[in-house]
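In each ligand, atom 1 is the first atom listed, and ligand 1 is the first ligand listed. When reading the values below, keep in mind they use all heavy atoms of this one structure, side chains included, and skip hydrogens, waters and symmetry mates.
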Amino acid sequence: MNLDIINRSDITDDLKTIATKVFAGERITTKEGIILYEKGDLSFLGALANFVREKKHGNKTYFNKNFHIEPTNICIYNCKFCSYKRNIGEDGAWEYSKEDMLDIVKQYDNKPVTEVHLVGGVHPKRDLHYYGSILQAIKTHRPNLHIKAFTAVELEFMIKKAGYSLEEGLKKLKEYGLDSIPGGGAEIFDEEVRKEICGAKSTTDIWLEIHEKAHKVGIPSNATILYGHVENYAHRIDHMNRLRDLQDRTGGFNTYIPLKFKKANNHLSYLGEVSTMEDLKNYAVSRIFLDNIPHLKAYWPMIGKETTQIALSFGVDDIDGTIDDTTKIYAMAGAEDQQPTMTTQGLIQLVKNANRIPVERDTMYNEIKLY
Ligand code: SF4
């Protein structure tokens with residue numbers, strides 16, 4: 001199959017050079033990443049991304065059993081793409097107490113979940129110790145539940161509000177029970193674009209610094225990109241290049257998760273949304289470019305189940321987990337799946353129908369069960 005791609009008469013010499021490098025396991029440059037976006041057709045990109053995916057993971061497709069808690073949608077920021085944020089007292093605002101959140105955890109007492117994913121808005125009155133006490137309560141109640149919590153944007157605010165340096169704050173949160181950090185808040189690293197769509201919140205440098213310091217103190221993390229708004233291909237490659245550089249230094253990222261801009265109920269609605277073909281192209285280029293981040297995840301509630309299945313042939317090896325309807329972030333932005341729940345059986349079938357092997361994993365990709 002490798003030769004099939006390289007020998008195609010309709011592809012340019014620069015694409016042939018890139019394919020040869022990828023098949024040899026060599027890293028591609030940022031310039032070559034942009035060429036892939038601009039000149040690679042879907043069948044070329046899919047074949048190349050699938051080569052990388054199968055070299056890393058064979059036919060395995062990972063999922064986990066998790067649930068989400070969103071402590072609040074009250075947020076001090078006003079990111080233009082956000083459909084979720086509310087001000088204190090505004091219609092549609094919520095803020096759970098510690099007891100509310102512990103009650104949510106208790107609803108899963110007899111269920112075989114391995115992870116709680118806890119993210120929300122940046123509440124002006126809540127600091128590291130407030131959230132730390134929640135982590136502590138969850139760990140006391142269910143010590144083996146992995147807590148993946150707080151985007152770098154939430155972390156910057158809660159740590160500074162408590163008067164700690166970033167490194168001290170991360171260590172303190174680890175003591176409270178933080179196991180890993182999700183990838184949110186990255187949006188797009190290019191400073192000009194970031195200023196345009198979410199200029200007030202954590203800078204690119206802070207986002208990267210928090211993840212680097214987290215890796216240093218033994219807290220692994222994920223990374224995201226928000227694509228399909230005002231950014232261009234060079235911005236996407238620049239974003240991935242900064243992650244690739246950081247990963248070379250720390251090795252602390254597990255998974256890269258491209259998040260598609262959704263147009264409902266936000267200040268960028270006029271932009272519309274990119275096509276499914278663009279989604280697949282983006283997965284493929286991400287898999288080819290990010291040679292040092294092990295996993296590529298498709299967030300199925302956002303792109304829908306069918307596109308997720310197809311994405312398994314465009315570099316994706318992870319489809320997240322069985323999420324219950326406490327996840328409101330994407331539904332409020334107009335996600336494909338307005339009630340994002342899927343049973344384990346549903347996930348398994350989705351993967352099998354795409355001729356892949358479903359593997360239940362824990363947060364750190366230790367395999368729990370092959371189906
Ligand atoms: S994207 Fe996050 S930080 Fe920005 S306004 Fe929405 S909730 Fe707040």
Cys75 contact mode with ligand 1 (heavy-atom cut-off under 4.0 Å):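 The answer is the side chain of Cys75.
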Give the atoms of ligand 1, by number and element, whose distance to some non-hydrogen atom of [X] is under 4.0 Å.
{"X": "Lys85", "answer": "5 (S), 6 (Fe)"}
{"X": "Phe81", "answer": "1 (S)"}
{"X": "Tyr77", "answer": "3 (S), 5 (S)"}

Between [Y] and [X], is the closest basic N to carboxylate O distance under 4.0 Å?
{"X": "Lys213", "Y": "Glu156", "value": "no"}
{"X": "Lys172", "Y": "Glu175", "value": "yes"}
{"X": "Glu187", "Y": "Arg194", "value": "no"}
{"X": "Lys65", "Y": "Glu360", "value": "yes"}

Check: Thr255 side chain, Lys297 main-chain N or O, donor-acceptor pair, under 3.5 Å: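 Absent.
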Nearest-neighbour protein heavy atom for atom 2 (Fe) of ligand 1, which is reported as residue plus atom name and distance: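 Minimum-distance protein heavy atom for atom 2 (Fe) of ligand 1 reads Lys201 NZ, 4.3 Å.
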Protein contact to atom 4 (Fe) of ligand 1 [nearest heavy atom, distance to 0.1 Å]: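 Looking only at protein heavy atoms, the one closest to atom 4 (Fe) of ligand 1 is Cys79 SG, 2.3 Å.
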Working for side chain to side chain donor-acceptor pair (under 3.5 Å), residues Arg126 and Thr72: CA-CA 10 Å; Arg126 294 178 169 181; Thr72 182; 5.0 Å; no
Heteroatom N/O/S of Cys82 within less than 2.8 Å of atom 6 (Fe) of ligand 1: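 True for Cys82.
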